[in-house]
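To start, the structure under review is shown below, and the notes come after it.
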There are 2 protein chains.
Amino acid sequence: MPVPKGSTIDPERTRAGIIDAAAPLLYERGLDGIGVAELCARVGVSKETVYRYFGTKDGLIQAVLEARSERVTAWIAGAAAAAGDDPREQLAAVFDELQRWYEEPTFRGCAMQNAAAQHQVEAVQAVTARHLDRRLGLLTAIAERAGAADPDALGRQLLLLVEGATLVAAHHDRAGAGHHAKQAALALLPANRPSGRR
Amino acid sequence: MPVPKGSTIDPERTRAGIIDAAAPLLYERGLDGIGVAELCARVGVSKETVYRYFGTKDGLIQAVLEARSERVTAWIAGAAAAAGDDPREQLAAVFDELQRWYEEPTFRGCAMQNAAAQHQVEAVQAVTARHLDRRLGLLTAIAERAGAADPDALGRQLLLLVEGATLVAAHHDRAGAGHHAKQAALALLPANRPSGRR
DNA sequence: CTCAGTTCGTACCGATCAGTTCGATGATGT
DNA sequence: ACATCATCGAACTGATCGGTACGAACTGAG
C-alpha cells in the first residue's frame, strides 16, 4: 500500500512508449499522411490499446505534440543555459543550435508549425499556441537580461526570427536561415538599448 | 484566321474561373479538408471538366497555388511601389499591408506556407520555394535601394521577418505580429549601413 | 491454480476519397 | 440543319480511412 508500484504492466510506461514511437512517424509523414492502422503496426501495439489510452487519433496527436513541445522547449532552454550568462552569447547559441537542427537530414520543419497548418482542430491549434507562448517567454527572458528598453517587444521580434528561420529553413534555405536569423537577432540587441529610443 | 477569337466557350476563361473559385475553398478548408466532389459542386463545374483541365487534384492545387503566388507577389510589390521611393517607407508600407491582411477575418495564414506543410508532394514544395524566391528578390531589391552593405544578407533577414510574422499572426499573435516585424525591419535597416561593419 | 484486467490480431463497419465512365444537354461553327 | 465538342450530372470503382468488436493469448495478484 505504501506504493502499489504501478498496476500490471505499467500503463505510464506504455503510454509514453506509444508517444515516443508515434512522434517521428507523424512528424515525417504528416498527421494525415499515416493511418492509425499503420501507425499501430509500426509502434508495435494494437489499435485497441491506442484507442483505450488516447480515445481518438486526434487525442494521440495532441499528446504527441504536447510531449514534443516540452522536449523542444527544454532543448532550446538548455542550449541557452549552456552558453553562460551573457544574453548575447545565449542568443547566438540558440540560433547556432537551431541551424544544427535544420541541417539534420530528418529535419522537416517545426512539428508544431506543420501540425497547426494541417489540422484546423481546436485542440491542435491550442497546443501550438501554448508552444509559442513558452518560446516567447524564453526569448523575452533573454531580452530582459540583455537590458532591453522594451523586453516584451524585443522578445516578440526574436520570436519572429526564430519561427521565420525554421519555416524558411524547411522550405527555402536550409543552410543559411539560422545564420541570417542569428545576425539579425544580434543586430536587434543593441538597437533595443534603453538609450536607443525616446 | 487572324485570330480565332477563342474556340467555343473560351477554355482560358473557364480554367481561370475554376482556379479563382477553388482557391478560397482550398485555403479555408485545407488541401485535404475538401474533396474533389464538393469542390466541383461549390465551383459550379463537373468533375469531368476539372479533370480535363488539371488532370489530377494535385494539378489543380498546383495551378491554384501558382496563381495565388503571383497575385500575392504583385500585391506586396504594389504596396511597396505605392509608398514612394524611400526604401524605409516602402518597408514600412509592406508590413502595414501585411498587418492589415492578418486582421482580416478570413486570414488563415499564408496559403503557400500551409500548403507546403500539408503536402509533401514535390510539385507543391516547388511552388512554395519559387514563391519565397520571388519574395526574397523583392526584399533584396529594397535592401539594395537602402544602400545596405550586404543587400543579400539584409534581404534574407527581412524574409525571415515577413514569413515569421505571417506564421505568428496565424497561430499566436494576430494583432501584433506585423507591427513587431515592422519595428524589427526598420531597426535592421540602419544596422546594415555600409559604415556599420568592417 | 484461479480470476481479472490488458493486450494482441484480425475482421468488420460505415463513410469518404480520387478518379473514371457514359448518356443527355447544350452551344458553336459551317 | 447538321455535326462537333465541351459540359453536365450521376452512377460507379477500388481503395483507404477512423473507429469498433471479439476471441485468443498473456500478465499479474490473491
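Convention: sequence-line order gives letters A, B, ...; per-chain numbering from 1.
Backbone-only contact: A/Gly44 has heavy atoms under 4.0 Å from sugar-phosphate atoms and none from a base.
Heavy-atom distances to DNA chain D give each of A/Ile34 and B/Val45 a nearest nucleotide, and the one nearer the 5′ end belongs to B/Val45. Positionally, the nearest nucleotide of DNA chain C for A/Arg52 lies more toward the 5' end than for the other of A/Arg52 and A/Lys47. Of the residues near DNA chain D, A/Glu38 and A/Glu48, the one whose nearest nucleotide (by heavy atom distance) lies more toward the 5' end is A/Glu38.
In this structure, B/Tyr51 places its OH atom 9 Å from C1' of C/dT20, rounding to the nearest Å. Atom NZ of B/Lys57 and atom P of C/dT20 are 15 Å apart (whole Å). A/Arg15 has its CZ atom 13 Å from the P atom of C/dT7, to the nearest Å. Between B/His119 atom NE2 and C/dC17 atom P the separation is 14 Å, expressed in whole Å. Atom CD1 in B/Ile18 sits about 12 Å away from atom C1' in D/dA6, given to the nearest Å. Between the CG atom of B/Asp32 and the C1' atom of C/dT16 there is a distance of 13 Å, rounded to whole Å. In this structure, B/Ile61 atom CD1 and C/dC17 atom P are separated by 13 Å, rounded to whole Å.
At least one side-chain nitrogen or oxygen of B/Tyr53 sits closer than 4.0 Å to the OP1 or OP2 atom of D/dT7. Between B/Thr56 and the phosphate of C/dG19, there is a side-chain N or O to OP1/OP2 separation shorter than 4.0 Å. Applying the 4.0 Å criterion to OP1 and OP2 of C/dT10, one finds that A/Ser46 has every side-chain N and O outside that range. For the OP1/OP2 pair of C/dT6 and a distance below 4.0 Å, the side-chain nitrogens and oxygens of A/Thr49 include no atom meeting the criterion. In this model, the phosphate group of D/dT7 is approached by a side-chain N or O of B/Thr14 to a distance below 4.0 Å at OP1 or OP2.
A side-chain N or O of A/Glu163 and one of A/Gln113 form a donor-acceptor pair less than 3.5 Å apart. Side-chain contact check for A/Gln120 and B/Arg108: no donor-acceptor pair (N or O, by modelled atom type) lies under 3.5 Å. Side-chain contact check for A/Tyr51 and A/Thr56: no donor-acceptor pair (N or O, by modelled atom type) lies under 3.5 Å.
The pair A/Arg100-A/Asp96 does not meet the salt-bridge criterion, since no charged nitrogen lies less than 4.0 angstrom from a carboxylate oxygen.
Cluster annotation: A/Tyr102 is not connected to B/Leu167 through the hydrophobic network of ILVMFWY side chains, with a link wherever side-chain heavy atoms come within less than 4.5 Å.
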